[in-house]
Visitor: 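This structure is in structure tokens; I'll ask about it shortly.
Numbers here are sequence positions counted from 1.
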Amino acid sequence: MTMTIEKENDFYFREPAKDDGAAVWELIKATKVLDLNSSYSYLMWCDIFSGTSIIAEKNGKTLGFISGYKNPNNPNKLFIWQVAVDASARGNGLATKMLRQLLKREACKKIDYVEATVSPSNQPSQSLFKGLAKKLDTECHISDCYVTDDFPDEEEEHEDELLFTIGPIATENK
């Protein structure tokens with residue numbers, strides 16, 4: 001399998017591989033704001049959903065990761081599960097660059113919409129997806145998706161999750 005690597009500024013963008021699972025788990029853990037899933041889940045994510053996920057590296061270090069998958073009920077929609085950027089790489093639009101690189105891939109050729117759930121307190125993610133809609137010259141619709149009562153009882157109550165739907169995305173804007 002040939003891996004495509006794209007370069008933009010000092011960052012390299014590529015599909016994740018199984019061997020990236022541990023670094024991705026560490027990156028997610030270091031954010032201290034994203035839900036940390038099991039290390040096994042990140043190994044699987046990097047292996048099974050590599051075509052719709054992306055790694056950003058600089059000087060050989062993983063500084064960004066986006067996990068995404070095509071919605072099986074709506075294959076023209078790319079659902080973004082998590083967006084993680086290392087603290088040292090924040091503030092320079094890396095998350096947007098990763099999303100744009102992801103949308104250029106063959107695996108995302110037929111994607112017309114990007115979706116993600118975002119909690120009301122997560123202003124950086126809200127800004128990311130609203131900004132993506134502007135850059136793609138399309139709409140960003142926000143609707144209720146999961147409410148606190150949908151989640152099981154945990155030590156900390158889980159916030160509501162709003163559904164952000166960006167699109168339709170014109171091919172020339174990808």
Side-chain angles (χ1 to χ4, degrees), residues 3-16 20 23-24 27-28 30-35 45-46 49-59 61-146 159-174:
M3 183 181 300
T4 302
I5 300 174
E6 297 290 332
K7 184 176 185 212
E8 188 175 335
N9 299 331
D10 292 335
F11 291 96
Y12 291 89
F13 301 93
R14 63 175 176 80
E15 290 183 12
D20 293 307
V24 167
L27 175 65
I28 302 290
T31 69
K32 298 184 185 337
V33 294
L34 294 172
D35 290 339
W45 202 280
C46 289
F49 297 103
S50 60
T52 53
S53 298
I54 191 165
I55 295 264
E57 297 177 319
K58 185 176 182 181
N59 299 324
K61 183 179 179 192
T62 298
L63 295 178
F65 175 71
I66 292 179
S67 53
Y69 65 89
K70 289 182 188 176
N71 183 327
N73 298 319
N74 295 294
N76 69 330
K77 292 183 178 181
L78 177 68
F79 186 86
I80 301 299
W81 185 284
Q82 287 185 311
V83 177
V85 175
D86 186 81
S88 68
R90 291 184 192 145
N92 62 18
L94 182 58
T96 300
K97 290 173 187 163
M98 287 190 294
L99 285 167
R100 299 290 301 265
Q101 288 287 336
L102 193 53
L103 288 170
K104 291 178 186 178
R105 287 203 190 143
E106 185 64 29
C108 296
K109 188 176 181 178
K110 295 183 181 178
I111 295 298
D112 297 318
Y113 294 88
V114 171
E115 290 188 324
T117 58
V118 181
S119 60
S121 68
N122 189 339
Q123 291 302 314
S125 287
Q126 289 190 36
S127 296
L128 169 65
F129 291 111
K130 288 175 184 176
L132 178 66
K134 281 186 181 179
K135 284 179 175 48
L136 296 175
D137 193 29
T138 193
E139 301 294 319
C140 178
H141 297 280
I142 303 168
S143 57
D144 292 332
C145 190
Y146 302 113
E159 273 189 275
D160 292 346
E161 293 281 342
L162 302 171
L163 180 65
F164 281 61
T165 303
I166 295 97
I169 303 168
T171 303
E172 64 271 9
N173 289 336
K174 290 184 181 179

Visitor: For atom OH of Tyr146, is the number of surrounding heavy atoms from other residues, nucleotides or ligands below 6.0 Å larger than 12?
Guide: no
Visitor: Verify the neighbour count for atom OH of Tyr12: are there more than 12 heavy atoms of other residues, nucleotides or ligands below 6.0 Å?
Guide: no
Visitor: Does a side-chain heavy-atom distance below 4.5 Å link Leu102 with Leu78?
Guide: yes
Visitor: Does any N or O in the side chain of Thr138 come within less than 3.5 Å of the main-chain N or O of Ile169, such that one atom is a donor and the other an acceptor?
Guide: no
Visitor: Between Ile28 and Asp35, what is the shortest heavy-atom contact and its length?
Guide: CG2-O, 3.9 Å
Visitor: Measuring only between side-chain heavy atoms, which start at C-beta, is Glu115 closer than 4.5 Å to Thr165?
Guide: yes
Visitor: Rounded to the nearest 0.5 Å, what separates atom OG in Ser127 from atom CG in Asn122?
Guide: 9.0 Å
Visitor: Please check this pair: side chain of Gln82 against backbone of Leu34, looking for a donor-acceptor N/O pair closer than 3.5 Å.
Guide: no
Visitor: Using a 3.5 Å distance criterion without hydrogens, assess whether the side chain of Glu139 forms a donor-acceptor pair with backbone atoms of Gly167.
Guide: no
Visitor: If you measure from OG on Ser88 to NZ on Lys61, what distance do you get to the nearest 0.5 Å?
Guide: 5.0 Å
Visitor: Give every residue pair that meets the side chain to side chain donor-acceptor pair (under 3.5 Å) criterion with at least one member in residues 89-107, sequence neighbours excluded.
Guide: Glu8-Gln101
Visitor: When you compare the side chain of Leu128 with that of Leu99, does any pair of heavy atoms fall below 4.5 Å?
Guide: yes
Visitor: Looking at Asp160 and Pro120, what are the two nearest heavy atoms and their distance?
Guide: O-CD, 3.2 Å
Visitor: Would you indicate whether the side-chain heavy atoms of Cys46 and Val24 approach each other to under 4.5 Å?
Guide: yes
Visitor: For residues Ile111 and Thr52, determine if any side-chain heavy atom of one lies less than 4.5 Å from a side-chain heavy atom of the other.
Guide: no
Visitor: Enter the distance from Met98:CE to Ile54:CD1 here, rounded to the nearest 0.5 Å.
Guide: 7.0 Å
Visitor: So Phe11 and Phe13, would you call those rings parallel, tilted or perpendicular, with 30° and 60° as cut-offs?
Guide: tilted
Visitor: Got a donor-acceptor contact below 3.5 angstrom from the Thr117 side chain to the Leu163 backbone?
Guide: no
Visitor: State, yes or no, whether a side-chain contact exists between Asp144 and Leu162 at a heavy-atom distance under 4.5 Å.
Guide: yes
Visitor: Just by distance, do the side chain of Asn74 and the backbone of Lys77 share a donor-acceptor pair under 3.5 Å?
Guide: no
Visitor: Report the distance from atom CD of Glu57 to atom NZ of Lys7, rounding to the nearest 0.5 Å.
Guide: 13.0 Å
Visitor: Test your reading of the model: is there a side-chain donor-acceptor pair from Asn71 to the backbone of Asn73, 3.5 Å cut-off?
Guide: yes
Visitor: If you take all heavy atoms of Val85 and Leu27, which pair is closest and at what distance?
Guide: C-CD1, 4.2 Å
Visitor: Salt bridge or not between Asp20 and Arg14? Use side-chain N to carboxylate O under 4.0 Å.
Guide: yes
Visitor: Would you give the length of the straight line joining atom CD1 of Ile55 to atom CZ of Phe65, rounded to the nearest 0.5 angstrom?
Guide: 6.0 Å
Visitor: So which atom in Ala133 and which in Cys140 form the shortest heavy-atom distance, rounded to 0.1 Å?
Guide: CB-CB, 3.7 Å
Visitor: Relative to each other, are the rings of Trp45 and Tyr69 parallel, tilted or perpendicular (30° and 60° limits)?
Guide: perpendicular
Visitor: Just grab all the salt bridge (Lys or Arg N to Asp or Glu O under 4.0 Å) pairs involving residues 162-174, residues at least two apart or on different chains.
Guide: none
Visitor: So, for Leu94 and Ala56, which heavy atoms are closest and what is the spacing to 0.1 Å?
Guide: CD1-CB, 3.9 Å
Visitor: Do any N or O atoms from the side chain of Asp86 and from the backbone of Leu63 form a donor-acceptor pair under 3.5 angstrom?
Guide: no
Visitor: How far apart are the closest heavy atoms of Ser53 and Pro16, and which atoms are they?
Guide: O-CD, 3.4 Å
